[in-house]
2 protein chains.
Amino acid sequence: MSNITLKELAKKLELSVSTVSKALNDSFEISEETKVRVRAMAEKYHYRPNILAKSLKMGRSNTIGVIIPYLSNPFQSQVLEGAHQAAYENNFKLVFMQSRENSKMEQDALKTFRQQNIDGIIITPAAESHIKTLKQYNQEFPIVLVDRIDFELDTFKIGVNSEKGAYDATQHLIDMGRKEILLLCGKNIGINKDRIAGYKKALLANYIPLDPSNIIQVEYGQTREELIKNLRILLERRIKELDHSIGLLGTTDTLTVASLGILSQLNLQVPSEVAVIGFANTEMAESLNPSLSTIVQPAFEIGYLGVSKLIETIVSKNRFEMAFNTTMLESRIIERKSTKA
Amino acid sequence: MSNITLKELAKKLELSVSTVSKALNDSFEISEETKVRVRAMAEKYHYRPNILAKSLKMGRSNTIGVIIPYLSNPFQSQVLEGAHQAAYENNFKLVFMQSRENSKMEQDALKTFRQQNIDGIIITPAAESHIKTLKQYNQEFPIVLVDRIDFELDTFKIGVNSEKGAYDATQHLIDMGRKEILLLCGKNIGINKDRIAGYKKALLANYIPLDPSNIIQVEYGQTREELIKNLRILLERRIKELDHSIGLLGTTDTLTVASLGILSQLNLQVPSEVAVIGFANTEMAESLNPSLSTIVQPAFEIGYLGVSKLIETIVSKNRFEMAFNTTMLESRIIERKSTKA
DNA sequence: TTGTATGCGTTATCAG
DNA sequence: CTGATAACGCATACAA
């Protein structure tokens with residue numbers, strides 16, 4: 001049995017539809033007495049407004065779209081959780097799409113959203129995202145940028161101070177007495193620039209000369225097995241060249257966890273021979289052997305703030321006159337056994 | 001600038017709204033000639049139908065809801081991915097809610113969805129879900145059950161043959177020469193019943209007497225640290241009692257990964273002293289040390305099938321006369337180093 | 001083959 | 001304070 005409508009309610013109350021509508025919306029035009037009557041009746045018949053009709057009338061769907069590269073990425077799924085929480089608290093629905101780091105899929109997601117009366121979107125652009133397209137869509141509905149914010153777009157942006165995260169991690173390794181710090185990162189990943197910068201700055205601040213051979217870059221888009229194999233070769237080669245006061249900083253959870261396994265295969269003790277720390281947002285770090293020191297990014301907050309700002313924009317009358325800003329959140333370091341002797 | 005509407009298109013074409021509507025819907029009433037004209041004009045002005053209006057008119061929103069316990073659970077997020085894929089392919093939107101294994105939150109999610117003109121939902125019921133509520137909602141819109149399907153509900157159900165998964169894993173450990181097989185599981189988790197049953201059957205089939213002390217149950221709802229601490233105590237105690245031909249089967253990824261870390265702390269070699277295998281849907285298994293043998297469940301397929309069946313139900317005229325059925329998918333075993341000497 | 005009229009369930013304007 | 005009416009954008013029964 002379908003839901004009761006305003007019209008049916010009105011008939012039961014012997015009132016007009018508009019009166020009932022206003023009463024339920026607590027309009028000042030309606031007497032307290034009628035409001036009470038109407039509310040009671042609505043309660044009795046479990047009246048629930050039809051969101052579709054309301055949205056059609058109001059020109060707003062209270063729905064926002066999220067575009068992230070991979071749902072299976074722990075960091076990104078936490079962003080989504082935060083986004084969802086903020087949406088929920090503001091009575092917004094949330095739909096999502098994955099871009100799989102693919103510009104074409106991202107465009108497709110954008111197009112899909114455009115067709116769905118979405119009020120706005122938050123996006124973590126794919127690695128090879130086309131900024132021009134984003135700019136164009138930003139004319140049609142508000143777009144908030146999260147995590148990967150190094151794009152020129154007139155909007156709110158929520159990011160993480162990755163440089164500082166990498167700096168802190170490097171400093172931590174140095175504090176643990178490591179002289180040679182290896183940096184593990186993927187090639188051509190935008191966000192890595194900041195992390196590399198932080199790494200370099202920390203070395204500089206500690207008067208440690210930068211040795212380019214210590215920056216180990218792996219190709220992206222390999223299978224996990226290939227990646228592990230290649231990483232192993234690179235790591236082994238470099239570590240053999242060094243004496244044993246080594247620290248290792250991984251810029252992604254995949255790389256870091258993989259390196260932990262590889263070091264073990266190479267019979268290198270962690271942390272005594274190689275201390276390891278990495279960017280990672282997975283709870284599994286606690287269960288690893290040894291438990292993994294991590295730089296944790298405030299993924300939930302990123303999503304939460306992103307959607308909050310987005311909704312702010314959506315409900316604002318003149319979004320083209322808004323003062324946009326960029327929010328940089330801090331990551332935090334969790335020291336576990338992989339860096340502490 | 002807003003989207004062009006049918007009415008505006010009609011004016012430009014000097015046709016009536018209904019003609020344009022029919023033409024765009026490829027109605028047989030309209031001449032090929034006009035159709036071509038209309039389509040061309042629609043193309044030119046980037047006409048996109050207003051989904052809200054369409055949904056309101058059609059009484060269907062083409063939106064389905066997903067309720068899962070935790071988005072951060074790799075298995076469940078894969079279910080969601082599959083669900084999303086199926087929805088996308090059928091031009092359905094997908095919104096989700098988390099229950100956090102909490103009956104109250106689940107009810108709340110159900111209520112939220114009811115208010116949102118959802119056409120149906122797929123749900124992995126929370127550990128303490130209230131079946132009566134589900135039954136009641138199932139009157140209002142179709143509900144498809146996924147993963148945890150041991151509920152009496154008149155609908156489609158998609159599950160996994162967990163018993164067989166556990167059986168295969170146990171058999172694998174036996175094949176690897178293990179005489180004492182520890183089973184690690186959480187207390188009061190419904191799905192575990194099947195896994196325990198599979199474990200027992202495998203023992204039976206190999207003429208290995210069941211020793212109840214080998215079934216190690218941990219409390220749920222502890223913090224990760226507590227859990228690891230307690231698990232360590234339980235594991236250590238039991239392993240000391242046994243000679244060293246031990247196999248270990250974990251029924252959740254959390255437990256399994258944790259036990260890997262614990263065994264290492266106890267200076268027990270994996271797999272030589274203890275062979276480990278566990279239910280897990282995370283790619284990280286490959287990167288662990290040693291790489292972890294796993295029983296992988298077809299999470300994506302579960303979600304995909306679930307939504308497919310749901311949409312089938314939604315578009316069917318008389319869903320109350322449908323022949324519902326239950327689909328059991330098979331898990332598969334991936335043998336890695338943690339079980340192979 | 002095309003057009004007219006109606007309604008989906010709301011909210012908003014304006015008149016009473 | 002209340003009600004009649006229009007409109008949001010679309011699909012469709014029915015009329016022409």
Side-chain angles (χ1 to χ4, degrees), chain A residues 1-39 41-42 45-63 91 93 114-119 315 317, chain B residues 1-39 41-42 45-63 91 114-119 140 315 317:
Chain A
M1 182 152 112
S2 180
N3 210 359
I4 192 172
T5 69
L6 269 192
K7 204 200 290 189
E8 293 163 323
L9 256 191
K11 199 180 324 181
K12 288 191 197 298
L13 286 157
E14 295 187 306
L15 284 173
S16 76
V17 176
S18 56
T19 303
V20 177
S21 169
K22 286 172 187 165
L24 289 174
N25 287 319
D26 203 23
S27 161
F28 66 94
E29 304 177 72
I30 305 297
S31 74
E32 200 52 45
E33 196 192 334
T34 349
K35 281 184 188 173
V36 172
R37 263 187 71 219
V38 171
R39 280 197 279 256
M41 192 66 86
Y45 288 95
H46 305 106
Y47 169 74
R48 284 180 320 252
N50 182 315
I51 300 276
L52 290 172
K54 192 171 192 160
S55 297
L56 176 59
K57 182 65 187 167
M58 307 300 264
R60 179 139 66 78
S61 65
N62 271 37
T63 305
N91 266 305
K93 272 178 286 189
R114 177 166 59 186
Q115 299 196 310
Q116 303 198 337
N117 299 84
I118 286 275
D119 294 332
V315 301
K317 291 300 157 204
Chain B
M1 183 152 108
S2 184
N3 211 0
I4 191 170
T5 69
L6 268 193
K7 204 201 291 188
E8 293 163 324
L9 257 191
K11 199 179 330 178
K12 288 190 198 297
L13 286 157
E14 295 185 306
L15 285 171
S16 78
V17 176
S18 63
T19 304
V20 178
S21 170
K22 287 172 186 165
L24 289 174
N25 287 319
D26 203 22
S27 160
F28 65 94
E29 303 178 65
I30 305 297
S31 73
E32 201 49 47
E33 196 192 334
T34 5
K35 280 184 189 172
V36 172
R37 262 186 73 217
V38 171
R39 280 198 277 259
M41 193 66 87
Y45 288 95
H46 305 105
Y47 170 74
R48 283 180 320 254
N50 182 317
I51 301 277
L52 291 172
K54 193 170 194 161
S55 298
L56 177 59
K57 179 69 190 165
M58 307 300 264
R60 180 138 68 77
S61 64
N62 271 39
T63 305
N91 265 306
R114 176 166 60 186
Q115 299 196 313
Q116 303 198 336
N117 300 84
I118 286 276
D119 294 332
E140 299 192 37
V315 301
K317 292 298 157 206

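What's counted below: heavy atoms across the whole structure, side chains too, no hydrogens, waters or symmetry copies.
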*asked:* Taking the nucleotide of DNA chain D with the nearest heavy atom to each, does E14(A) or M58(A) sit closer to the 5' end?
replied: E14(A)

*Roughly how many Å is it from CG in L52(B) to C1' in dG7(C), rounded to a whole number?*
17 Å

*asked:* Whole angstroms only, please: what is the NZ-P distance between K7(B) and dA5(C)?
replied: 14 Å

*Looking only at side-chain atoms of S16(A), point me to the closest of dA4(D), dG9(C), dG3(C).*
dA4(D)

*Under 4.0 angstrom, heavy atoms only, what part of the nucleic acid is K54(A) near: base, sugar-phosphate, or nothing?*
sugar-phosphate

*asked:* Can you tell me if T34(A) touches the phosphate of dT2(D), counting only side-chain N or O atoms and a distance under 4.0 Å to OP1 or OP2?
replied: yes

What nitrogen or oxygen pairs link the protein and nucleotides 14-16 of chain D at under 3.5 Å?
none

*Within the structure shown, what part of the strands sits under 4.0 Å from L6(B) by heavy-atom distance: base, sugar-phosphate, or nothing?*
sugar-phosphate

*asked:* Heavy atoms only, 4.0 Å cut-off, all strands: where does S18(A) land among base, sugar-phosphate and nothing?
replied: base

*Determine the contact category for R60(B): base if any of its heavy atoms lies under 4.0 Å from a base atom, sugar-phosphate if only primed atoms, P, OP1 or OP2 are that close, otherwise nothing.*
nothing

*dA7(D), dT2(D), dG3(C): which one has an atom nearest the side-chain heavy atoms of S31(A)?*
dT2(D)

*asked:* It should be established whether T19(A) places a side-chain nitrogen or oxygen under 4.0 Å from OP1 or OP2 of nucleotide dG3(D).
replied: yes

*Would you list the pairs meeting salt bridge (Lys or Arg N to Asp or Glu O under 4.0 Å) in which at least one residue belongs to residues 9-28 of chain B, sequence neighbours left out?*
K22(B)-E29(B), D26(B)-K35(B), D26(B)-R39(B)

